[in-house]
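Input: a single structure, listed below in structure tokens.
All of these numbers come straight from a predicted model, not from anything done at the bench. Scope of the values below: all heavy atoms of this structure, side chains included, with no hydrogens, waters or symmetry mates.
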Amino acid sequence: MIDTNVALAHARAFDTSIKDQMPDKAGRRTMTLTQRLRRPSIARLQVLLFLFLWLAYGAAINSDNLSKFNLQQIGVEAIVERHQFDLEGSHVPELFPQGDVFLFQGHKYAAKQPGQFMAGAVVYWLLSKFGLRYKDNYLLTSALVTFFTTSFVLALSAVAVFRIARKLANETQSLFWPMLTTFAYALATTIFAYSGIAHHDALATGYLVIAFYLIFDLRRRGWDGRGEIIQSAGAGLFLGLAVTTSMLVFFMSIVCAIYFLWLRRWKLIPFFLAAILIGLLPLFIYDAVSFGNPFLLPNVAGAQMFADTFFHFSARNFGDKIVWYPTMLVVYAPVFVAGLFGLSYYPKAFKRTPVFLTLVAMLVVLAVYVLNIQTGGDCQFGPRYLLPAMPLACLGIAGFSYLSTKAERRLAGVVVLLIAVLSFAINLLGAVQGSMCCPDGRNALRDQLSLLASGDVHYFPLAPWLVAPLLMSAVLLTWSTWQRRAARDHFTR
């Protein structure tokens with residue numbers, strides 16, 4: 001005899017499962033709890049995205065960049081090994097300065113902001129506890145310092161771009177445009193070419209993007225207590241660290257700070273401003289110890305040699321740069337141009353919002369600065385001074401999701417994808433062949449292609465350990481993305 005209560009329970013469960021499979025009023029199917037649990041979470045997807053990009057950056061770290069960009073490692077060793085900011089005293093042959101150094105009161109200093117050295121010093125100090133030192137294995141040690149600084153921060157910034165693009169895209173449940181935006185930024189711009197270097201501009205770009213995301217993600221109204229305090233303090237800290245690391249992002253950081261104030265979250269402002277000062281504190285300490293003045297920047301202290309980075313309007317220089325930079329973008333990062341074009345497709349109402357105006361303002365202030373300094377970045381692979389603009393322009397790719405018809409969106413997606421693949425191939429060459437292209441960076445692409453064709457391939461210190469987990473993360477990321485898309489397609493039919 002069947003237990004009536006058990007039968008009724010099974011019947012209710014069956015009716016519930018059928019109801020969950022039936023279309024709702026909008027004609028869409030809803031998911032059962034089990035199906036929701038099986039659907040890959042967006043958090044898991046973001047972790048896999050971060051791991052894939054971080055490992056890809058690490059695997060591409062090569063001996064050419066580690067040797068030619070040794071200044072970034074010299075400052076690290078000086079802090080940890082000799083507890084000083086000047087660059088003298090190293091007995092490691094690979095740590096002899098090759099350029100961008102000036103004399104101040106009898107000591108050699110790098111003409112760079114100190115943020116890159118201090119971030120690297122934290123990592124190197126930990127590595128030294130495990131017996132890894134520059135003098136014993138320069139390539140492996142410097143590769144690990146780079147992997148846990150620039151590569152790590154840039155991979156994290158790519159996740160920030162993904163999260164922003166998800167909120168900006170028209171189809172909030174679709175991953176196509178956010179993923180295309182993210183991969184365009186992370187792998188199809190000069191960000192990829194500089195991801196394997198402990199480089200000040202690349203590291204500062206990562207800090208700036210993360211700060212921008214944290215401000216963007218704040219609610220304009222309401223109060224969420226401790227969470228929003230931590231978020232606003234994090235935004236301020238990363239803005240301070242960005243300026244401590246590179247003056248290239250100084251004006252962009254100011255625009256970001258104005259964006260935060262524009263939100264009028266009055267209770268959060270003290271935490272935001274205090275965190276900015278904390279982020280700037282390493283810079284003040286470095287300047288005070290090195291030059292006797294907490295506000296005397298390295299480039300100002302070495303002004304006789306590095307005045308070409310100071311803002312100075314010259315009609316001839318401006319004219320040259322206004323032609324040179326678009327040419328470099330088309331050659332080295334054509335996806336950047338596609339992203340700028342995509343910004344125009346965002347709705348008119350959105351173009352009047354603080355986030356869009358901030359995004360455009362940051363692009364404008366950077367353009368005004370780089371077009372009015374004498375140098376364009378010697379020996380570079382691609383337009384290095386436009387590194388901080390890469391994530392902002394790529395966010396325009398999500399704007400194509402607002403095209404009127406499905407056919408237009410598909411066509412735009414195919415075109416942008418093809419451009420991104422071309423950009424990826426170009427910057428993959430820069431990432432694995434090296435980004436120091438002296439004597440003339442204007443011919444970097446041609447020169448690196450010639451070296452590759454002649455069989456001049458570099459050594460990749462971390463690749464033997466990272467290739468297997470890189471492939472595994474790629475498979476898991478692809479599988480999770482496919483599962484999420486399949487679930488979305490099934491329950492929105």
Side-chain angles (χ1 to χ4, degrees), residues 72 75 110-122 146 148-161 164 185-186 189-191 194-195 197-218 231-261 271-287 294-295 297-299 309 355 358-359 361-370 377 384-395:
Q72 281 70 16
K112 310 289 182 187
Q113 295 287 89
Q116 60 184 340
F117 307 131
M118 294 178 172
V122 174
T146 303
F148 286 104
T149 53
T150 306
S151 300
F152 179 87
V153 171
L154 287 179
L156 198 61
S157 75
V159 176
V161 168
I164 296 171
Y185 158 64
T189 67
T190 44
I191 286 293
Y194 285 86
S195 63
I197 308 167
H199 197 278
H200 52 293
D201 293 336
L203 190 57
T205 296
Y207 290 150
L208 181 68
V209 174
I210 296 169
F212 178 66
Y213 162 70
L214 290 173
I215 299 172
F216 166 81
D217 197 48
L218 277 174
Q231 191 169 336
S232 59
L237 178 64
F238 280 112
L239 282 184
L241 290 175
V243 175
T244 293
T245 305
S246 173
M247 287 302 293
L248 182 64
V249 300
F250 175 74
F251 294 108
M252 301 175 79
S253 298
I254 290 179
V255 171
C256 245
I258 293 173
Y259 173 33
F260 182 90
L261 298 177
F271 303 101
F272 176 71
L273 296 179
I276 289 179
L277 290 177
I278 293 172
L280 291 172
L281 187 60
L283 174 62
F284 296 150
I285 294 173
Y286 177 88
D287 292 343
F295 303 108
L297 301 177
N299 272 30
T309 60
V355 60
T358 300
L359 191 153
M362 284 197 288
L363 288 171
V364 170
V365 295
L366 180 65
V368 170
Y369 174 71
V370 300
R384 175 168 63 85
Y385 284 153
L386 292 184
L387 281 172
M390 297 297 167
L392 307 176
C394 286
L395 284 172

Solution key, residues 240-257 side-chain donor-acceptor pairs under 3.5 Å, sequence neighbours excluded:
{"residue": "Thr244", "atom": "OG1", "partner": "Gly240", "partner atom": "O", "Å": "3.0"}
{"residue": "Thr244", "atom": "OG1", "partner": "Gly279", "partner atom": "O", "Å": "2.7"}
{"residue": "Thr245", "atom": "OG1", "partner": "Leu241", "partner atom": "O", "Å": "2.7"}
{"residue": "Ser246", "atom": "OG", "partner": "Asp201", "partner atom": "OD1", "Å": "2.7"}
{"residue": "Ser246", "atom": "OG", "partner": "Leu248", "partner atom": "N", "Å": "3.1"}
{"residue": "Ser253", "atom": "OG", "partner": "Val249", "partner atom": "O", "Å": "2.9"}

Fill in the blank from the handout: Sequence neighbours excluded, the answer for ring pair (Phe, Tyr, Trp, His ring centres under 6.0 Å) partners of Tyr194 is His199
Exercise for the section: For residues Leu387 and Thr190, determine if any side-chain heavy atom of one lies less than 4.5 Å from a side-chain heavy atom of the other. Expected result: yes
Handout entry: Thr150 OG1 to Gln116 CD distance, which is reported to the nearest 0.5 Å
Key = 8.0 Å
Handout entry: Those residues that, when tested against Phe260, pass ring pair (Phe, Tyr, Trp, His ring centres under 6.0 Å) (two or more places apart)
Key = Phe272
Completion exercise
Rounded to the nearest 0.5 Å, the CD1 atom of Ile215 sits from the CD1 atom of Ile210 at a distance of 12.5 Å
Practice task
Applying ring pair (Phe, Tyr, Trp, His ring centres under 6.0 Å), name anything that partners Tyr213, two or more places apart in sequence or on another chain.
Solution key: none
Exercise for the section: Could you pull out all residues at least two apart from Leu277 that satisfy side-chain contact (heavy atoms from CB on, under 4.5 Å)? Expected result: none
Practice task
Taking the six-membered ring for Trp and the single ring otherwise, decide whether the centroids of Tyr385 and Tyr369 are under 6.0 Å apart.
Solution key: no
Problem - For Phe216, all residues meeting ring pair (Phe, Tyr, Trp, His ring centres under 6.0 Å), sequence neighbours excluded - result: none
Handout entry: Phe212 side chain near Tyr259 side chain, heavy-atom distance below 4.5 Å
Key = yes
Practice task
Using a 4.5 Å cut-off on heavy atoms from C-beta on, say whether the side chain of Leu208 contacts that of Phe238.
Solution key: no
